[in-house]
Amino acid sequence: MKYVYILESIDSEHFYVGLTDDLRARLPKHNAGEVPHTSKYRPWRLRTYFAFNDEARAVAFEKYLKSGSGRAFARKHF
C-alpha cells in the first residue's frame, strides 16, 4: 500500500505533500527533524491521506498535488 499524505505545520501556514509505504512511521520522522525539507516548520500534523494499491497512481497523484492546480485543489477540498 502506498500513501500520499498532506501535512500541516502547527505553528505556521505551511503544508507538505509526501509519499510513503508506512504512514505511521513517517509522521514522527518529520516531527523529529529527520526530513530536511520539513524540519524548519515542525511540528507537523496530518491533514489528510490517501491510500493506493497502485504505486504508479500514488506517484502521479503526489505529483499532481505538488503542482499549482493540485495545490489549489487541495486548499479548496482539504
Arg42 side chain vs Ala32 backbone, donor-acceptor pair below 3.5 Å: yes

When Ile, Leu, Val, Met, Phe, Trp and Tyr are grouped by side-chain heavy atoms lying under 4.5 Å apart, directly or through other members, which residues fall in the same group as Val35? none

Can you tell me if NE2 on His77 sees more than 12 non-hydrogen neighbours from other groups inside 6.0 Å? yes

By the salt bridge (Lys or Arg N to Asp or Glu O under 4.0 Å) test, which pairs, at least two apart or in different chains, include something from residues 68-78? none

Applying a strict under-4.5 Å side-chain criterion to I, L, V, M, F, W and Y, I'd like to know whether Leu7 and Leu19 cluster together. no

What residues, two or more places apart in sequence or in another chain, satisfy side-chain hydrogen bond (donor to acceptor under 3.5 Å, both in side chains) together with Arg47? Glu8

Which residues pass the side-chain hydrogen bond (donor to acceptor under 3.5 Å, both in side chains) test with Lys66, sequence neighbours left out? Glu62

Mind listing the closest non-hydrogen atom pair of Val4 and Ala58 along with its distance? CG2-O, 3.3 Å

When hydrophobic residues are tied together by side-chain contacts of less than 4.5 Å, even through go-betweens, does Tyr49 share a cluster with Trp44? yes

Look at atom CD of Glu55 and say whether more than 12 heavy atoms of other residues, nucleotides or ligands are closer to it than 6.0 Å. no

Residues forming a salt bridge (Lys or Arg N to Asp or Glu O under 4.0 Å) with Lys63, sequence neighbours excluded: none

Applying side-chain hydrogen bond (donor to acceptor under 3.5 Å, both in side chains), which residue pairs with at least one partner in residues 13-28 are found, sequence neighbours left out? Lys2-Asp21, Tyr5-Arg26, Ser12-His14

May I ask you to check whether over 12 heavy atoms, not counting those of Arg57, lie within 6.0 Å of atom CZ? no

Measure across Tyr41 and Ser9 and return the closest heavy-atom pair with its distance rounded to 0.1 Å. O-OG, 2.6 Å

Please answer: with hydrophobic residues joined when any side-chain heavy atoms are less than 4.5 Å apart, are Ile6 and Leu27 in the same cluster? no

Distance from Tyr3 atom OH to Leu46 atom CG, nearest 0.5 Å? 11.5 Å

Leu65-Val59 co-clustered via ILVMFWY side chain contacts under 4.5 Å: yes

Tell me whether the centres of the aromatic rings in Phe78 and Phe50 are closer together than 6.0 Å. yes

